[in-house]
Amino acid sequence: MTRRYWLFKTEPSEFGIADLAAQPDGKTRWDGIRNYQARNNLRDLTTPGDGVLIYHSSCREPGVAGIAEICSAPYPDPAQFDPDSPYFDSKSTPDQPRWYSVDIRHRDTLKRVIPPATLKALPDLTEMVLFRQARLSVQPVSEDEWRTIVGLAGAA
DNA sequence: GCCAACGTTGGC
DNA sequence: GCCAACGTTGGC
């Protein structure tokens with residue numbers, strides 16, 4: 001089984017690393033992904049045990065804020081079937097689900113958020129999908145990138 | 001609050 | 001199937 005690494009974007013005013021840490025067992029469902037490319041990554045390529053960088057966006061202190069781990073297989077996002085949910089999708093059916101979720105578990109909250117400018121300044125990280133493709137909320141991170149960022153986090 | 005990037009929608 | 005308009009993302 002190939003281990004992969006990911007970056008998940010989230011707005012901390014909605015759900016940030018502190019919220020994840022506060023969940024029972026540090027676990028939550030990562031739901032509400034409504035972008036096809038992010039969905040494909042989530043549905044087709046995630047595996048339990050994969051590493052996840054939690055990235056805070058649209059906030060005062062954007063950047064990598066913590067580390068988590070995928071702890072379930074992908075499964076249909078229940079919110080797409082719930083008419084009361086903001087993530088409801090009338091075109092989804094249980095037979096033909098359009099959107100997927102995965103469960104993740106908190107592993108680490110960084111002492112300091114690593115801002116995008118710091119990441120971008122490192123030669124090892126200039127090729128990150130983060131800087132090459134806007135608006136992708138579930139994106140792959142290479143093993144080298146992962147090691148570099150986790151190293152930064154440890155030194156922080 | 002600005003504005004660039006870019007995915008989605010909808011008329012044709 | 002094209003493409004302009006529109007809405008959202010997201011750093012600054």
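Numbered from 1 within each chain, the chains take letters A, B, ... in sequence-line order.
Under the side chain to side chain donor-acceptor pair (under 3.5 Å) criterion, the residue pairs touching residues 81-96 of chain A are Gln80(A)-Ser92(A), Asp89(A)-Trp99(A), with sequence neighbours excluded. For residues 11-31 of chain A, the side chain to side chain donor-acceptor pair (under 3.5 Å) pairs, not counting sequence neighbours, are Arg29(A)-Tyr75(A).
Residues that satisfy the ring pair (Phe, Tyr, Trp, His ring centres under 6.0 Å) test with Phe81(A), not counting sequence neighbours, are absent from this structure. Glu145(A) meets the salt bridge (charged side-chain N to carboxylate O under 4.0 Å, His left out) test with no other residue; sequence neighbours excluded. Considering only residues two or more places apart in sequence or on other chains, Gln139(A) meets the side-chain hydrogen bond (donor to acceptor under 3.5 Å, both in side chains) condition with none of them.
In this structure, Gln139(A) atom CD and dG7(B) atom P are separated by 13 Å, rounded to whole Å. Whole-Å rounding puts the Arg60(A) CZ to dC12(C) P distance at 15 Å.
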What nitrogen or oxygen pairs link the protein and nucleotides 1-5 of chain C at under 3.5 Å?
none

Between protein and nucleotides 8-11 of chain C, what N or O pairs are separated by less than 3.5 Å?
{"from": "dT8(C)", "atom 1": "O2", "to": "Arg135(A)", "atom 2": "NH1", "distance (Å)": "3.3"}
{"from": "dT8(C)", "atom 1": "O2", "to": "Arg135(A)", "atom 2": "NH2", "distance (Å)": "3.2"}
{"from": "dG10(C)", "atom 1": "OP1", "to": "Lys9(A)", "atom 2": "NZ", "distance (Å)": "2.6"}
{"from": "dG11(C)", "atom 1": "OP1", "to": "Tyr55(A)", "atom 2": "OH", "distance (Å)": "2.8"}
{"from": "dG11(C)", "atom 1": "OP2", "to": "Ser58(A)", "atom 2": "N", "distance (Å)": "3.2"}

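Between Arg39(A) and Asp77(A) there is no salt bridge, since no side-chain N of the basic residue sits under 4.0 Å from a carboxylate O of the acidic one.
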Please table the atom pairs, donor to acceptor, closer than 3.5 Å between any side-chain atom in residues 48-67 of chain A and protein atoms at least two apart or in another chain.
{"from": "Asp50(A)", "atom 1": "OD1", "to": "Arg4(A)", "atom 2": "N", "distance (Å)": "3.0"}
{"from": "Asp50(A)", "atom 1": "OD2", "to": "Trp6(A)", "atom 2": "NE1", "distance (Å)": "2.9"}
{"from": "Asp50(A)", "atom 1": "OD2", "to": "Thr47(A)", "atom 2": "N", "distance (Å)": "3.0"}
{"from": "His56(A)", "atom 1": "NE2", "to": "Ile17(A)", "atom 2": "N", "distance (Å)": "3.1"}

Can you give the donor-acceptor pairs under 3.5 Å from side chains of residues 116-133 of chain A to other protein atoms, not counting sequence neighbours?
{"from": "Thr126(A)", "atom 1": "OG1", "to": "Pro123(A)", "atom 2": "O", "distance (Å)": "3.2"}
{"from": "Glu127(A)", "atom 1": "OE1", "to": "Arg132(A)", "atom 2": "NH1", "distance (Å)": "3.0"}
{"from": "Gln133(A)", "atom 1": "NE2", "to": "Gln37(A)", "atom 2": "OE1", "distance (Å)": "2.6"}

